[in-house]
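Below you'll find the structure, written out as C-alpha cells, and then a few comments.
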Amino acid sequence: MPEADVVLEVRDLAKHYPVRRGVVLKRQIGEVKAVDGVSLTLRKGRTLGLVGESGSGKSTLAKVLVGVEKPTRGQILVDGRDVTDVGRAERRALRRTIQMVFQDPYTSLNPRMSIGEIVGEAFAIHPDMAPAGDRGKAVRELLDRVGLNPDHVHRYPHQFSGGQRQRIGIARALAVRPRILLCDEPVSALDVSIQGQVINLLEELQDDLGLSYLFIAHDLSVVRHIADEVAVMYLGRVVESGTDDEVYERPHHPYTRALMSAAPVPDPTRRDDCLEIMLEGDVPSPLDPPTGCHFHTRCWLAPLIEGSVDAERPDGRPVPAVCRNDRPKLAPQESPDHHAACHFAADVARR
C-alpha cells in the first residue's frame with residue numbers, strides 16, 4: 001500500500017521505568033523495559049492486532065500512543081507528522097485523532113455521572129465539536145449509533161450490562177470524531193456471547209466511518225476475526241508481524257507458534273495436525289531480561305537445533321550460542337511484509 005494510507009507509524013519506540021532503592025537518598029538500581037524498540041504501521045481503514053501474554057508491554061504501548069505516558073525514545077508519527085513530544089495544545093488536538101477504548105467497562109465509566117454526561121463530556125473539553133444547544137442531540141445520536149436507546153441518556157452505568165457499558169465507552173470515544181481507536185482488550189471482560197456483538201459493532205463502525213484500529217488482545221481467535229495485520233509482542237519487543245493469514249497459517253517465530261498451539265481448534269479434523277507446545281518456566285522479568293533473544297530461556301525449538309551448546313536455562317537443556325548472545329533482528333521472511341525476530345525462523349516454519 002502507498003505511504004499515503006499510513007495513518008499511524010511507530011519507530012523504535014521505547015518506554016523504560018527507573019527502579020530506585022533507598023528511603024532518603026534514592027538511587028537507581030535498574031530500569032523496567034516495558035516497551036523496548038517497537039516499530040509498527042497502521043493503515044487507513046485497517047485493523048492491526050497486537051497479541052502477547054500479560055506483561056508483554058501491549059497496554060503500556062497504547063498509553064504511550066495516546067499521550068498518557070511519555071516515551072523514553074523513538075517516534076510516533078500521525079499522518080507523517082512527528083507527535084512524539086508536542087505541546088499541550090497539540091496534544092489536545094492529537095486526542096481528537098486518537099481515542100482509546102478501555103478493557104474494563106465496569107471501572108472505566110464514572111459511576112456518579114449519567115451516560116449522557118459521560119458521552120457529552122467530550123463536548124465540554126472540545127466545545128467546537130458541537131454547539132452548546134446541540135450537544136444533547138449529538139449525545140443521543142451517538143448512543144443510537146452504538147446500539148443503545150437514546151431515551152436512556154439519564155441512566156447511570158450501574159443500570160447497564162457489561163456489553164452495554166462497553167458500547168457507552170465506544171460512544172464516548174467516537175464523540176470527538178477520531179480516525180484511530182486504540183482498543184485495549186475491549187472484549188476480554190465480557191461474556192463470549194456479548195463479545196461477538198461488540199466485535200460486530202466495531203466492524204460496522206469501521207466500515208461506516210473509515211476508522212483504523214489498533215486492537216490489543218490475548219484471545220487469538222478474536223484477533224483473527226477482526227485484524228488485517230498482526231503483531232506479536234514478547235517482553236516489550238515485537239517478535240513477529242505480518243498479515244493475519246501469514247502469521248496464523250505459517251508462523252516463523254517459536255513464541256508465535258506456541259501461542260497458536262494454545263488456541264482452541266474448532267475444526268476436529270485439523271486437531272491432529274497441530275503441534276502441541278507447552279512453554280516451560282515463567283516469563284522473565286523486564287527488569288532483568290535474558291541476553292540475546294529474550295525468548296531463549298523458554299524456547300521449545302532452541303534445544304532441537306543441531307549444534308546447541310549448554311546454557312543456563314531453567315530446565316538445563318542446551319541452547320545455541322547465537323540465541324544466548326545475539327539479539328535477532330525483525331527481518332523479512334517468505335514475503336516482504338512478513339517479519340520475524342528469530343535466528344532459526346525457517347526451522348519454525350518447517351515444523
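Note that the coordinates shown come from a computational prediction; the quantities given were computed from them, not determined experimentally.
Shortest non-hydrogen contact noted between V319 and A302 is CG1-CB, 4.1 Å. Looking at every heavy atom in both residues, P284 comes nearest to L235 through O-CD2, 3.3 Å. Residues L220 and Y248 share a closest heavy-atom pair of O-OH, 2.7 Å. Between L301 and P254 the shortest heavy-atom distance is CB-CB, 4.4 Å.
Scanning for ring pair (Phe, Tyr, Trp, His ring centres under 6.0 Å) contacts around F215 gives an empty result, with sequence neighbours left out. Scanning for side chain to side chain donor-acceptor pair (under 3.5 Å) contacts around T47 gives Q206, with sequence neighbours left out. Partners of N200 according to the side-chain contact (heavy atoms from CB on, under 4.5 Å) rule, which considers only residues two or more places apart in sequence or in another chain, are E203, H225. Residues that satisfy the side chain to side chain donor-acceptor pair (under 3.5 Å) test with S59, not counting sequence neighbours, are D184. For K33, there are no salt bridge (Lys or Arg N to Asp or Glu O under 4.0 Å) partners two or more places apart in sequence or in a different chain. Judged as a side-chain contact (heavy atoms from CB on, under 4.5 Å), and not counting sequence neighbours, H154 has no contacts. Considering only residues two or more places apart in sequence or on other chains, Q197 meets the side-chain contact (heavy atoms from CB on, under 4.5 Å) condition with R167, I194. Remark: P127 engages R135 in a side-chain contact (heavy atoms from CB on, under 4.5 Å) (not counting sequence neighbours). Evaluation of the side chain to side chain donor-acceptor pair (under 3.5 Å) rule for E240 yields T256, H338 as partners, not counting sequence neighbours. Evaluation of the side chain to side chain donor-acceptor pair (under 3.5 Å) rule for Q195 yields no partner, not counting sequence neighbours.
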Problem set entry | Worked verdict on R250 versus E334 for salt bridge (Lys or Arg N to Asp or Glu O under 4.0 Å) | CA-CA 10 Å; R250 197 165 171 78; E334 296 175 355; 2.7 Å; yes

For this session: Go through the steps for D36 and R237 under the test salt bridge (Lys or Arg N to Asp or Glu O under 4.0 Å), then give the verdict.
Result: CA-CA 6 Å; D36 191 25; R237 298 175 180 174; 3.5 Å; yes

For this session: List the steps and the verdict of salt bridge (Lys or Arg N to Asp or Glu O under 4.0 Å) for K44 and D79.
Result: CA-CA 10 Å; K44 182 179 179 181; D79 294 327; over 6 Å; no

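Rounded to the nearest 0.5 angstrom, L181 CG and L211 CG are separated by 5.0 Å. To the nearest 0.5 Å, the span separating CG on L148 from CZ on R155 amounts to 10.5 Å. The CG atom of L77 lies 8.5 Å from the CG atom of L8; values are rounded to the nearest 0.5 Å.
Ionic pairing of D134 and K137 is not present here: no N-O contact between side-chain nitrogen and carboxylate oxygen is shorter than 4.0 angstrom.
Proximity of a side-chain donor or acceptor of H253 to a complementary backbone N or O of Y255 within less than 3.5 Å is detected. A donor-acceptor pair under 3.5 Å is absent between the side-chain atoms of W300 and the main chain of L279, judged by distance alone. Side-chain N or O atoms of S241 include none that pairs as donor or acceptor with a backbone N or O of V230 at under 3.5 Å. At distances below 3.5 Å, at least one donor-acceptor pair connects side-chain atoms of R140 with backbone N or O atoms of P150. Checked by atom type and distance alone, the side chain of S212 pairs as donor or acceptor with a backbone atom of G45 at under 3.5 Å. Side chain of D191 to backbone of S193: no donor-acceptor contact under 3.5 angstrom is found. In this structure a side-chain-to-backbone donor-acceptor pair under 3.5 Å is present from R257 to V348. Checked by atom type and distance alone, the side chain of Q166 never pairs as donor or acceptor with a backbone atom of G163 at under 3.5 Å. A side-chain donor-acceptor contact under 3.5 Å links S39 to the backbone of D12. Checking side-chain atoms of E249 against main-chain N and O of V247 turns up no donor-acceptor pair under 3.5 Å.
The shortest distance between side-chain heavy atoms of R20 and R27 does not fall below 4.5 Å. In this structure, the side chains of L48 and D228 stay at 4.5 Å or more apart for every pair of heavy atoms. Annotation: side chain of P71 is not in contact with side chain of K15 (no heavy-atom distance under 4.5 Å). For the pair V38 and L61, the minimum side-chain heavy-atom distance is below 4.5 Å. Looking only at side-chain heavy atoms (C-beta outward), C299 and C293 stay at 4.5 Å or farther from each other. With contacts defined as side-chain heavy-atom distances shorter than 4.5 Å, the pair T72/L13 does not qualify. You'll find the side chain of E53 reaches within 4.5 Å of the side chain of Y234, heavy atoms only. By the 4.5 Å heavy-atom criterion applied to side chains, V119 and I168 are counted as neighbours.
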Side-chain atoms of residues 98-105: list all donor-acceptor pairs with protein atoms under 3.5 Å, sequence neighbours left out, distances to 0.1 Å.
unit_1 : atom_1 : unit_2 : atom_2 : d
Q99    : NE2    : R95    : O      : 2.6
Q103   : NE2    : S188   : OG     : 3.1
D104   : OD1    : Y106   : N      : 2.9
D104   : OD2    : T107   : OG1    : 3.4

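Atom CG of N325 has more than 12 neighbouring heavy atoms from other residues, nucleotides or ligands inside a 6.0 Å radius. Counting heavy atoms of neighbouring residues, nucleotides and ligands inside a 6.0 Å radius, atom CZ of R177 does not exceed 12 of them.
Looking at Q333 and H339, their side chains never bring a donor and an acceptor atom within 3.5 Å of each other. Side-chain polar atoms of D219 and S221 form a donor-acceptor pair below 3.5 angstrom.
In the hydrophobic clustering (ILVMFWY side chains linked at under 4.5 Å, chained through shared members), V19 is joined by Y17, I29, V32, L287.
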